[in-house]
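Quantities reported herein were computed from a predicted structural model and do not represent experimental measurements. Numbering of residues begins at 1 and proceeds along the displayed sequence.
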Amino acid sequence: MNVGCVILACTLLVGSSSGSKAGQPLKPPCRPGFSQNFYTVIVSRDILHGQSILKDTTLSSERVKFEDCQRSREVGFVSSDPNFSVRPDGTVYAEQEVANLSEPVQFMVTAKGVHDPHIWETTVKLALAGHPHPLPLTKVGIEEMLSRVWDSQPRVIKFLRRHQRGASANGLRRQKRDWVIPPINVPENSRGPFPHMLVRIRSDQDKDVGIRYSITGAGADQPPSGIYNIDPISGNMFVTQPLDREERASFHLRAHAVDMNGNQVENPIDLYIYVIDMNDNRPEFQNQVYNGSVAEGSKPGSSVMQVTATDSDDSTTANGMVRYRILSQTPHSPIPNMFTINSETGDIVTVAAGLDREKVSQYTIIVQATDMEGNLNFGLSNTATALITITDINDNPPELTVRTFSGEVPENKVNVVVTNLTVVDRDQPHSPNWNAVYRIVSGDPSGHFTIRTNPITNEGMLTVVKPVDFEMNRAFMLTVVVSNQAHLASGIQSSLQSTAGVTISVQDVNEPPVFPVNPKMIRFEEGVPAGTTLTVFAAQDPDHFIHQIVRYSKLSDPANWLKINRTNGQITTMALLDRESMYVKNNVYEATFLAFDNGSPQASGTGTLQIYLIDVNDNAPVLIPREGQVCERMRPNSKINITASDADADPNVGPFVFELPSFPASVRRNWTISRLNGDYAQLRLRIPYLEPSMYDIPIIVSDSGNPPLSNRSVIRVKVCPCDDNGDCSATGAVAAAGLGTGAIIAILICIIILLSMVLLFVVWMKRREKERQAKPLLIDPEDDVRDNILKYDEEGGGEEDQDYDLSQLQQPESLDHIINKPSGVRRVDERPVIAESQYPVRPSLPHPGDIGDFINDGLRAADNDPTAPPYDSLLVFDYEGSGSTAGSVSSLNSTSSGDQDYDYLNDWGPRFKKLADLYGGGDDD
């Protein structure tokens, strides 16, 4: 028997299939109904009492899910099997005691709303966990399986007898649950022939009346229509085409019986058709390539990844039970079988120790999935690839390449890389397990150095961060330790090569002289005379091991008050020190000096000297303001507030003393000063009335210095008539300024004269412009041709003018007619054929007196040279050659002039009438 028959026999034995467990696609918008068309419920053996299942026992935690989008629909479930039913919450339970569940059971569940005419259907299959395997695949076993399948098919299905559905006094009697039409099982992928008879449906009344049979439902008269049909006379029901359980696992049809007039003879009966599964689908992996990872050094049994394959066949039968195994492992290091896979779940785990990323970073595993519970003889297989990446752990400590490093650094330099510390780490590059961290553990107590890690090469750059001094330390001996950013893995010890020594030599350089105190502050009174010694501003050379001479110079002295001794740095004055100078800020004067040695190269340093100048009373106060005004009549508010300014500092300033001098006497007679406070006073009139004018009033101001200084200042006061508010009026202001009535009138007359001159000039310019526009042209506008000049772009004649003979312009074939020309006859229209004249040659070093003679000789030779140009300056026609086809011009005859009338040339036309009057002549002309 061929393999196809064996597979068919196995399929028929294990029963109908289950729905696909492939991943559900994305759900469309919510629609009421069951979540699946086919449910497979595995019944645990733990609920069995012996071999039976008690009444009301919940068979499994799995539920039949009904989606109620409105959340208010009251739905009831009805089962086609009297032994099993579904509760409102979707759990499947035994409605009555079931003696045995050794074979899978399928039944239809119908959902119907209480107030909704719609119905929904699904198929539920119950299978006992770990059901027995099929019989041995022998010829006898296959025949027994086929016989068992077909014998279970009902050959004739009869309508329910009427006495079984008779009515009682209270109405219709409930149908007996023990009278159930068994389901019809149809294997998928049948080869026919089609149509293939399934069952015969008949009524007991077919002997009395003529009966017509029909079926309705999905698969008959509803989509997918045409799969099943029935002979209306005999009642034989047929399947018309092969079925595919993966497309539809069950059908629910209703059979009808009517008489010849279409009257219902029997109540419709429900027909349940189940498609028996065949192993016609290979297991399909969800991904063709799976990626997983496991840390290196993992112990055996460490989980790596999971691969998953689904089979569209019935998962409750061997057709859909997938088993996994590993076909190959690449590479075979350290052993060929580093991993194993759980045959049922697809979990891949390590089976041996020895994973080392530094040796093998990735493994490639070929995984095979086979249905029929992994039976390689009858199952269908598929393969996928699992890539297992070995992730890094910090199991390799960093190791310095040498035990001792060395370098040099010049003193007083920072941010200089002394040396690069090279390290080797076999862990994953550019990861925390590889990135090196360097530490200086000894030899640098002052923190002169630090180690930065190069992120690309992982080298340690030993860098100077604090200047080193050769005179303090000539060398450093450092101890360096390297580690990783991540801690070492458990059980990994640091390497001895993670520690190294670094020897650093300090190079001596010529350091500049240093001023011990910089800046240096000294205090002196201002006004010290020139030549006064202020201080000694000396610098020290830090190069103790080299004897060098330090010299000084002045770098900055804004007021040029100081000088420094070049040898010892003594500072003396060259002028008086003035605290009130513009170069003194906050009583401090700053000067900068330079100290330099005689080393190679020369080094220099700067120092700042600050001189705090103590104030002395050397500036007299000055009166403020210098001008003012008061009313001509004494009023309480007519006064001038005065004060003083002093360039000195406290205590050589206020309070000030203001007083009027005794001479001239009119000052004290007309004016008075009253003191307001230590810095202010008021100047006002002493007399009731003073004539308006400008007055210069002297005032003596004295400060509070010791001794005090005084200053006679003059304030210019304008006395003027005032209005009611005490302000000077305009007339009074003019009068006070010294302008009389005559002066004001003279100013007004000058302004009027100036305006009159400007007006006359404008009128004259307007008149001249009108005369210029009225002046006529010299010629009649009609004869003005300035805008009528025509320009033509013609560059030659037409095609007729281009038909000419070029042979007349050819060069002569010989020069005999020129050579044999009589002597004394010379043509000036061609170059003579004779030897060229010899011009005088100028000596290489002529005497200046010979220049004139040389020019005259050259001019004379040029005048007598027959070959010198311009021999074509006459612009005559070129020689036309001998034997010219053109005749002589002289041979042309001209008719008598008397035969021609040239009078028409005297008519110049209207456009050139003016020119004819000017230049046209009469017959005499």
Side-chain angles (χ1 to χ4, degrees), residues 3-4 7 10-11 14 17-27 35-40 42 62 125 127 129 188-189 244-249 275 277-295 298 300-332 336-352 355 360-391:
V3 177
I7 296 176
C10 295
T11 305
V14 297
S17 66
S18 65
S20 172
K21 286 190 177 182
Q24 297 294 327
L26 294 177
K27 293 183 179 180
S35 61
Q36 299 180 23
N37 293 327
F38 193 93
Y39 292 90
T40 300
I42 305 300
E62 301 179 24
K125 180 174 183 179
E188 66 171 334
N189 300 327
D244 188 355
R245 191 203 66 84
E246 286 70 42
E247 291 184 2
R248 191 177 182 94
V275 183
D277 183 45
M278 292 181 61
N279 190 19
D280 58 344
N281 291 279
R282 292 179 179 275
E284 296 292 338
F285 284 94
Q286 294 181 355
N287 301 304
Q288 193 60 35
V289 178
Y290 289 84
N291 291 284
S293 62
V294 63
S298 297
S302 300
S303 176
V304 179
M305 60 192 301
Q306 183 184 29
V307 296
T308 303
T310 58
D311 196 316
S312 299
D313 293 324
D314 188 357
S315 61
T316 62
T317 67
N319 296 337
M321 294 182 180
V322 180
R323 298 295 182 263
Y324 305 92
R325 72 190 188 103
I326 294 177
L327 295 181
S328 64
Q329 167 193 309
T330 305
H332 297 173
N337 300 317
M338 287 295 297
F339 305 94
T340 186
I341 187 170
N342 188 305
S343 62
E344 296 184 359
T345 63
D347 291 322
I348 299 176
V349 297
T350 59
V351 72
L355 293 176
V360 179
S361 61
Q362 187 179 71
Y363 289 89
T364 301
I365 305 296
I366 304 300
V367 180
Q368 183 184 58
T370 307
D371 56 16
M372 296 298 292
E373 296 184 291
N375 191 320
L376 299 179
N377 294 325
F378 307 107
L380 302 178
S381 301
N382 213 337
T383 60
T385 301
L387 300 179
I388 302 175
T389 301
I390 310 302
T391 59

Straight-line distance of [X] [atom1] to [Y] [atom2], nearest 0.5 Å:
{"X": "Glu373", "Y": "Glu344", "atom1": "CD", "atom2": "CD", "result": "8.5 Å"}
{"X": "Thr317", "Y": "Met372", "atom1": "OG1", "atom2": "CE", "result": "8.0 Å"}
{"X": "Asn382", "Y": "Leu380", "atom1": "CG", "atom2": "CG", "result": "9.5 Å"}
{"X": "Asn279", "Y": "Met321", "atom1": "CG", "atom2": "CE", "result": "12.0 Å"}
{"X": "Gln362", "Y": "Thr389", "atom1": "CD", "atom2": "OG1", "result": "4.5 Å"}
{"X": "Asp311", "Y": "Glu284", "atom1": "CG", "atom2": "CD", "result": "8.5 Å"}

How close do [X] and [Y] get, heavy atom to heavy atom, and via which atoms?
{"X": "Gln306", "Y": "Thr345", "answer": "NE2-O, 2.9 Å"}
{"X": "Ser381", "Y": "Thr370", "answer": "OG-OG1, 2.8 Å"}
{"X": "Tyr324", "Y": "Ala309", "answer": "OH-N, 2.9 Å"}
{"X": "Leu355", "Y": "Met338", "answer": "CD2-CE, 3.5 Å"}
{"X": "Val294", "Y": "Ser298", "answer": "CG2-OG, 3.4 Å"}
{"X": "Ala386", "Y": "Ile348", "answer": "CB-CD1, 4.2 Å"}

>> Using side-chain contact (heavy atoms from CB on, under 4.5 Å), reason through Val367 and Tyr290 one step at a time and then give a plain yes or no.
In response: CA-CA 10 Å; Val367 180; Tyr290 289 84; over 6 Å; no
>> Can you tell me how the ring of Tyr363 sits relative to the ring of Phe339, calling it parallel under 30°, perpendicular over 60° and tilted otherwise?
In response: perpendicular
Can you check whether [X] reaches [Y] side chain to side chain, under 4.5 Å on heavy atoms?
{"X": "Glu246", "Y": "Asp280", "value": "yes"}
{"X": "Val349", "Y": "Thr340", "value": "yes"}
{"X": "Glu188", "Y": "Asp244", "value": "yes"}

>> Which residue in the set Ile388, Ile366, Ile365 passes side chain to side chain contact (heavy atoms under 4.5 Å, CB included) when paired with Gln329?
In response: Ile365
>> Quick check against the 3.5 Å criterion: does Asn375 have a side-chain atom that pairs as donor or acceptor with the backbone of Asn377?
In response: yes
> Can any side-chain N or O of Thr350 pair as donor or acceptor with the backbone N or O of Ser302 at less than 3.5 Å?
Replying inline: yes
> Does the side-chain hydrogen bond (donor to acceptor under 3.5 Å, both in side chains) test come out yes or no for Asn281 and Asp313, once each step is laid out?
Replying inline: CA-CA 6 Å; Asn281 291 279; Asp313 293 324; 2.8 Å; yes
